[in-house]
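All remarks here apply to the structure that follows.
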There are 2 protein chains.
Amino acid sequence: MTEKTVQTIADLARLAGVSKSTVSRALSDSPLIGEETKERIRALAREHDFQINASASRLSLKESRTIAFVSHPYYQKKGFGVADLFMLEILGGISTGLAKSHYDLLMAYVDPSDTEWPARYLKTGRADGFILMTSTRKQHHIKALVEMKAPFIIWGTPPANQCFCSVTGDNFGGGKLAAEHLLRSGRRKIAFLGGPAEELEVQKRFEGFQSAHLEAGLTLDPALVTYGWFSNESGTERTRTLLEQHPEIDAIFANSDFMAIAALRVAQEMGRRIPDDLAVIGYDNLTIAEDSDPPLTTVSQNIPLAGKLLAQNLIQYLQTGVVTNVSIPAELEIRKSA
Amino acid sequence: MTEKTVQTIADLARLAGVSKSTVSRALSDSPLIGEETKERIRALAREHDFQINASASRLSLKESRTIAFVSHPYYQKKGFGVADLFMLEILGGISTGLAKSHYDLLMAYVDPSDTEWPARYLKTGRADGFILMTSTRKQHHIKALVEMKAPFIIWGTPPANQCFCSVTGDNFGGGKLAAEHLLRSGRRKIAFLGGPAEELEVQKRFEGFQSAHLEAGLTLDPALVTYGWFSNESGTERTRTLLEQHPEIDAIFANSDFMAIAALRVAQEMGRRIPDDLAVIGYDNLTIAEDSDPPLTTVSQNIPLAGKLLAQNLIQYLQTGVVTNVSIPAELEIRKSA
DNA sequence: CTGAAAGCGCTTACAG
DNA sequence: CTGAAAGCGCTTACAG
């Protein structure tokens with residue numbers, strides 16, 4: 001017979017010669033319990049590797065102390081791109097933020113066309129709130145969440161008339177930083193190689209880009225402003241068109257590292273030397289940005305911090321109802337391409 | 001006053017005019033309940049959007065119906081690479097596999113030097129089992145898991161003397177496929193650009209590579225076999241050395257797409273035309289393999305399937321104690337580089 | 001500061 | 001086939 005392990009607070013109470021109530025209070029650090037008693041019980045718990053049962057605690061508390069990270073299944077997806085790498089990195093930050101408040105991180109892969117999932121997670125008590133990244137049919141899901149008053153936070157810029165928590169990168173600042181750097185190095189024919197024009201993030205980056213020009217007393221040539229997807233292919237195609245139609249371009253500000261790296265390649269094929277003939281700046285500072293040829297100068301966001309804030313601000317909202325909308329700063333990671 | 005919602009099985013029981021026991025049994029599809037009764041209760045549950053409380057159910061069942069995916073925090077990591085993209089893709093598969101059995105997926109970010117985490121998750125009843133990918137100090141964690149008899153499954157090849165569940169890619173088959181393809185196209189001076197020599201995966205790929213040569217009646221030139229890291233940098237450096245010392249090389253089989261893409265670039269810089277002068281094959285079939293120049297021929301593994309099997313086989317182990325070790329097939333994704 | 005007792009919402013052995 | 005009752009392991013209002 002191995003020594004009977006201490007499984008419940010009742011076992012611990014017996015050992016300590018106190019009641020279950022006292023053990024429970026001691027372990028949750030209640031002010032009702034004397035410091036000596038607490039310490040004695042804690043020592044006993046440590047000694048016997050005691051861990052409180054989460055299901056029982058959650059049932060009693062009526063809280064799951066769990067946050068669901070909402071993502072989509074990859075049924076028809078072929079591969080993984082920017083958004084995915086980004087998501088992975090932010091997940092780490094989220095987990096750090098949640099751990100601080102002893103919350104668990106649940107992965108919720110939901111069908112993009114489903115709107116019942118918030119109810120399913122909330123009513124079963126499997127999650128207390130949700131974190132949403134950019135996703136297919138995002139507005140659609142946000143609407144469902146708002147309607148059922150589900151607690152959630154999003155990565156991205158919330159529409160002006162909405163009231164829910166968000167964390168976003170400083171896209172205006174990022175666009176501005178990029179343009180300022182290029183202008184400072186004497187570039188005057190700078191192309192804006194944007195992501196989808198309808199995305200708020202992209203619009204903000206453009207505004208920052210524009211603002212840097214205005215402050216320098218320069219006006220933008222609208223012909224050098226173009227939009228596409230964040231992908232490699234889109235970057236390739238847009239860059240080619242841009243350089244063919246406007247050979248005078250001396251710099252490109254791309255809205256993603258993938259686009260920027262594509263631009264690098266196309267430009268070099270077309271005989272431009274980087275950065276002498278053409279400077280290129282990307283966005284996101286993914287790993288691939290270090291390995292490009294030449295290494296990519298790019299706008300960097302503190303993604304772990306973003307994750308941590310997503311976690312902490314959602315928990316704060318759960319506990320106090322305070323709605324926060326925060327923006328994290330952008331920095332320029334200067335390498336060789338600009 | 002809004003209509004009072006149905007929160008518990010007691011509410012539902014009242015509505016249906018039966019006992020809680022009956023409702024509970026009906027919802028869990030117990031054979032004890034008549035089909036008509038079941039259907040009536042289910043209809044009522046649907047109508048009122050009733051969802052069973054997970055904490056209560058788990059407390060009663062003494063199961064969390066939750067699997068923890070074990071990963072490490074990214075404190076000092078700068079960026080994300082192969083392993084990460086791979087992990088993200090497999091996570092999707094795992095979630096699919098778990099969903100089928102109504103298990104939840106929890107992210108467990110644990111300190112690589114900690115060995116207490118399995119106890120923490122198990123004793124609190126937050127997880128019933130663990131999924132481990134390649135990780136820092138993997139053997140160390142496996143040892144801890146085995147010692148405390150924690151249920152788990154790993155991605156990778158288990159050491160021969162161990163008895164626990166695993167899912168792995170067919171690395172032997174992958175190496176063989178690559179070599180066969182190169183030999184078939186007439187290559188005779190094929191370099192093996194390996195990952196770390198001590199990794200079982202790498203050893204298996206080499207064995208497959210070798211086996212294809214032997215079957216073709218050819219012997220390997222040991223000078224063309226080299227090991228490094230899976231990274232871009234390592235690929236660059238090894239390829240350069242290889243091509244400088246052995247200009248006769250007419251093909252390279254790289255152990256990762258990152259290495260292969262680096263090889264592509266270096267070889268082209270050194271004046272080789274791909275695939276005419278030099279054929280290159282990678283491993284993993286990541287997104288970046290499609291976008292390389294030229295597009296990369298690479299060994300592809302069915303990652304979503306791998307994830308699904310990790311989930312299903314772990315659950316099977318939990319429920320039946322059956323230990324499975326499965327290997328998923330490798331395929332060659334032929335593009336332009338070989 | 002501490003304890004006895006009720007309650008959180010399920011599941012299931014037992015009795016019918 | 002159905003129900004009353006005990007039990008899962010916590011938390012906390014209430015009483016002292």
Side-chain angles (χ1 to χ4, degrees), chain A residues 4-42 44-45 48-66 102 104 120-126 128, chain B residues 4-42 44-45 48-66 102 104 120-126 128:
Chain A
K4 197 178 153 199
T5 56
V6 178
Q7 308 269 20
T8 71
I9 57 170
D11 298 340
L12 211 52
R14 206 172 306 121
L15 244 56
V18 296
S19 71
K20 290 194 300 172
S21 320
T22 299
V23 172
S24 172
R25 288 185 181 119
L27 295 178
S28 66
D29 202 22
S30 153
L32 284 177
I33 307 293
E35 210 39 67
E36 330 73 63
T37 319
K38 270 188 201 171
E39 199 34 73
R40 192 161 55 84
I41 295 176
R42 282 200 208 108
L44 225 41
H48 294 271
D49 278 330
F50 174 76
Q51 300 280 345
I52 234 161
N53 181 292
S55 297
S57 173
R58 288 166 181 174
L59 173 58
S60 198
L61 254 17
K62 300 187 142 208
E63 278 181 16
S64 67
R65 297 283 166 108
T66 299
H102 304 288
D104 274 334
R120 231 162 34 237
Y121 280 89
L122 251 24
K123 290 197 167 188
T124 54
R126 289 186 297 157
D128 295 336
Chain B
K4 197 176 155 200
T5 55
V6 178
Q7 308 269 19
T8 70
I9 58 169
D11 297 339
L12 210 51
R14 208 171 304 123
L15 244 55
V18 296
S19 71
K20 290 195 300 171
S21 321
T22 301
V23 172
S24 173
R25 289 184 180 117
L27 295 178
S28 66
D29 202 23
S30 155
L32 285 177
I33 307 293
E35 212 37 69
E36 332 71 64
T37 318
K38 269 188 200 170
E39 200 34 72
R40 193 161 54 84
I41 294 176
R42 281 201 208 109
L44 226 40
H48 293 272
D49 277 331
F50 174 76
Q51 299 280 345
I52 235 161
N53 181 292
S55 298
S57 174
R58 289 166 181 175
L59 173 58
S60 198
L61 253 17
K62 299 188 143 210
E63 277 181 17
S64 66
R65 297 284 165 104
T66 299
H102 304 289
D104 273 334
R120 234 164 29 237
Y121 279 90
L122 250 26
K123 289 197 167 188
T124 54
R126 289 186 298 157
D128 295 336

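- The structure places CD of Glu36(A) at 10.5 Å from CD1 of Ile41(A), a figure rounded to the nearest 0.5 Å.
- For the C1' atoms, the distance linking dG16(D) with dT12(D) amounts to 16 Å, nearest Å.
- By the side-chain hydrogen bond (donor to acceptor under 3.5 Å, both in side chains) test, Arg42(B) is found to be paired with Asp29(B), Glu39(B), residues two or more places apart in sequence or in another chain being considered.
- For DNA chain C, the neighbouring residues in residues 52-60 of chain B, judged by any heavy atom under 4.0 Å, are Ile52(B), Asn53(B), Ala56(B), Ser57(B), Leu59(B), Ser60(B).
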Side-chain atoms of residues 54-61 of chain A: list all donor-acceptor pairs with protein atoms under 3.5 Å, sequence neighbours left out, distances to 0.1 Å.
unit_1   : atom_1 : unit_2    : atom_2 : d
Arg58(A) : NE     : Ser64(A)  : O      : 3.0
Arg58(A) : NH2    : Asp104(A) : OD2    : 3.0

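- Using a 4.5 Å heavy-atom cutoff, the side chains of Ser24(B) and Lys20(B) are not in contact.
- Atom P of dG9(D) sits at a distance of 23 Å from the matching atom of dA13(D), rounded to the whole Å.
- DNA chain D lies under 4.0 Å from no heavy atom of any residue of residues 33-41 of chain A.
- Taking a 4.0 Å limit (strictly below) on heavy-atom distances, residues 17-26 of chain A reaches DNA chain C at Val18(A), Ser19(A), Ser21(A), Thr22(A), Arg25(A).
- Taken to the nearest 0.5 Å, the OG1 atom of Thr66(B) stands 11.5 Å off from the OH atom of Tyr121(B).
- Between atom OG1 of residue Thr124(A) and atom CD1 of residue Ile52(B) there is a gap of 10.5 Å, rounded to the nearest 0.5 Å.
- Thr8(A) is linked by a side chain to side chain contact (heavy atoms under 4.5 Å, CB included) to Ala10(A), Asp11(A), counting only residues two or more places apart in sequence or in another chain.
- Taking a pair as Watson-Crick or G-U wobble with both distances under 3.5 Å, the runs of three or more consecutive pairs in DNA chain D are C:1-3 with D:14-16, C:5-12 with D:5-12, C:14-16 with D:1-3.
- Boundaries of the chain B contact region on DNA chain C are dG9(C) to dC14(C), first to last in 5' to 3' order (nucleotide atom under 4.0 Å from a heavy atom).
- Mapping Leu32(A) and Ser28(A) onto DNA chain D by nearest heavy atom places Ser28(A) closer to the 5' end of the strand.
- Rounded to whole Å, the separation between the P atoms of dA5(C) and dC1(C) comes to 24 Å.
- Going from atom NZ of Lys38(B) over to atom CZ of Arg25(B) covers 11.5 Å, rounded to the nearest 0.5 Å.
- Every residue two or more places apart in sequence or in another chain that forms a salt bridge (Lys or Arg N to Asp or Glu O under 4.0 Å) with Arg120(A) is listed here: Asp114(A).
- In plain terms, the two heavy atoms of Phe50(A) and Val6(A) that are nearest each other are CD1-O, 3.8 Å.
- Residues Leu27(B) and Leu12(B) form a side-chain contact, since some pair of their non-hydrogen atoms from C-beta on lies under 4.5 Å apart.
- With sequence neighbours left out, the side chain to side chain contact (heavy atoms under 4.5 Å, CB included) criterion links Ser28(B) to Ser30(B).
- Under the salt bridge (Lys or Arg N to Asp or Glu O under 4.0 Å) criterion, Glu63(B) pairs with Arg65(B), not counting sequence neighbours.
- Taking Thr22(B) as the reference, Ser19(B) meet the side-chain hydrogen bond (donor to acceptor under 3.5 Å, both in side chains) condition, with sequence neighbours excluded.
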